[in-house]
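Each chain gets a letter, A, B and so on, in the order the sequences are listed, and its residues count up from 1. Only heavy atoms go into these numbers, but all of them, side chains included; no hydrogens, no water, no symmetry mates.
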There are 2 protein chains.
Amino acid sequence: MVAVDTVLFAVADGRLRTYLVELQHGQARGKWAFPGGLVKVGELLDRAARRQLHESTGLSGTYLEQLFTFGDPSRDPRAHVVSVAYMALIRDPNLLHSGNGKSGPGRWHEVAKMPPLAYDHADMAVYALKRLKSKLEYSNIAYALLPKEFTFAELEELYATVLGRPIDRRNFRRRIMAMGLLRRLSHARRGAHRPASLYSFASQSLRFIEML
Amino acid sequence: MVAVDTVLFAVADGRLRTYLVELQHGQARGKWAFPGGLVKVGELLDRAARRQLHESTGLSGTYLEQLFTFGDPSRDPRAHVVSVAYMALIRDPNLLHSGNGKSGPGRWHEVAKMPPLAYDHADMAVYALKRLKSKLEYSNIAYALLPKEFTFAELEELYATVLGRPIDRRNFRRRIMAMGLLRRLSHARRGAHRPASLYSFASQSLRFIEML
DNA sequence: CCAAAAGTGTTGGCTCTACACCCATGA
DNA sequence: TCATGGGTGTAGAGCCAACACTTTTGG
């Protein structure tokens, strides 16, 4: 039997968060797990991941990427389930309808403070975070975690949050600009202080940075 | 149903080669495929890949790494098979017992001149080659493609062969040495000309290069 | 002594990092 | 006018790529 499990990330309030479902049945009852479930016969893996994610959260059209496949013989003592792990990204954790997952109620957790995870989902979490960090460094993947329009400060905060280290503002701006992934918009965001000009990603699909 | 398929690489005579099996049955008869087959219930994925590889080639103890999982609904019109692709590396293509695979007779092919491949194995080939190239750049993975002792020229030739581009000898030597992955042995290889001193990898397991 | 492969340094350009002050606005 | 976050430049160090000749051996 084949299952898919999806590590869904979002950033809010300066924290990286992931969506977990509390299991109600089985030997792992009371532990938390990434949303997922069995693949139907004839169903494409990506489609199964999207379907499960939609059933758990109401989301559709998210960024989605396959991570790794876990043997996972421990999930159920009698059935042998192979689990294909995915990573999904959304801009805003409030976009989903929480709590209507089949397997149980779900909610967001800070990645830094996750509860005990079922099966081998702790390994998935480590793997997903590593993948997200490295893709931030050499792709425009941040487009999937930010709204269409954002300020440079917001982009910088996203990087600092996910990478877990401070960013030098001037060097960061220079490097990002050199990558040529952003478009500067004509308008600005007005707030309590000096207005910040807005940017958007030139492409809303994954691009890798060419370093030649 | 879950299958594993393994892209086995070796370098010989200045060419990168991979081992393919000619299919005898089914709609893909006459096409070639990477050695593989179904995973048994309760069997770990890595173990299944090693078992299949052993059955096809007699090899054991090779370097082995999971690549990607393909939905592969096209393999058989009635059964839905999910295929986990692996990459394996060996030092010498002559180490295996050819032709005793269940699915048919196998032999080595130059990666640059592969016959028509069955299923989605062409995608696997592309993926495996990409992974091998990038790991050469930031790990000591070459240890799995070279004999225990080798000359610097042999290492250089390996890189040029796999990466498919010429290497500057002086820069290459400096970079490799800076990585600190090699041990210089006290003896040398004598041949028709000036003797070349021999090296071995300090570690025979995968190490990533730290770039701080 | 000749052919063939092994072995070795330097320079210029580029990139990266470290670092601090002025600017524009709302209150 | 002040508080707050937005926006900008430079110099030094380290890294990388380009490039050709000398050494050692066997025949």
Engineer: Taking C-beta and beyond as the side chain, do Tyr199(B) and Glu149(B) meet within less than 4.5 Å on heavy atoms?
Structural biologist: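 In short, these two side chains do not touch, never coming nearer than 4.5 Å.
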
Engineer: Is the distance between the ring centroids of Tyr19(B) and Phe34(B) less than 6.0 Å?
Structural biologist: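 Between Phe34(B) and Tyr19(B), which both carry aromatic rings, the centre distance is not below 6.0 Å.
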
Engineer: From Met87(A) CE over to Lys130(A) NZ, what is the distance, rounded to the nearest 0.5 angstrom?
Structural biologist: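 If I round to the nearest 0.5 Å, the distance is 12.5 Å.
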
Engineer: So if I take residues 166-176 of chain A and measure heavy-atom distances to DNA chain C, which residues fall below 4.0 Å?
Structural biologist: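 Nucleic-acid contacts, sorted: Asp168(A), Arg170(A), Asn171(A), Arg174(A), Arg175(A).
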
Engineer: Have a look at Thr69(A) and tell me which of Leu45(B), Val4(B), Leu67(B) forms a side-chain contact (heavy atoms from CB on, under 4.5 Å) with it.
Structural biologist: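 Testing each of Leu45(B), Val4(B), Leu67(B) against Thr69(A), the sole residue satisfying side-chain contact (heavy atoms from CB on, under 4.5 Å) is Leu45(B).
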
Engineer: Between Tyr119(B) and Asp5(B), does a side chain to side chain donor-acceptor pair (under 3.5 Å) hold up when you go through it step by step?
Structural biologist: CA-CA 11 Å; Tyr119(B) 318 133; Asp5(B) 291 294; over 6 Å; no

Engineer: If the plane angle is over 60° it's perpendicular, under 30° parallel, otherwise tilted; pick one for Phe208(A) and Tyr138(A).
Structural biologist: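 Ring orientation of Phe208(A) relative to Tyr138(A): parallel.
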
Engineer: Say whether Tyr159(A) and Glu157(A), considering side chains only, have a donor N or O and an acceptor N or O under 3.5 Å apart.
Structural biologist: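 No pair is found: no donor N or O on one side chain lies under 3.5 Å from an acceptor on the other.
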
Engineer: What parts of residues 189-202 of chain A reach DNA chain C, counting only heavy atoms under 4.0 Å away?
Structural biologist: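 Within this stretch, Arg190(A), Gly191(A), Ala192(A), His193(A), Arg194(A), Pro195(A) sit under 4.0 Å of the strand.
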
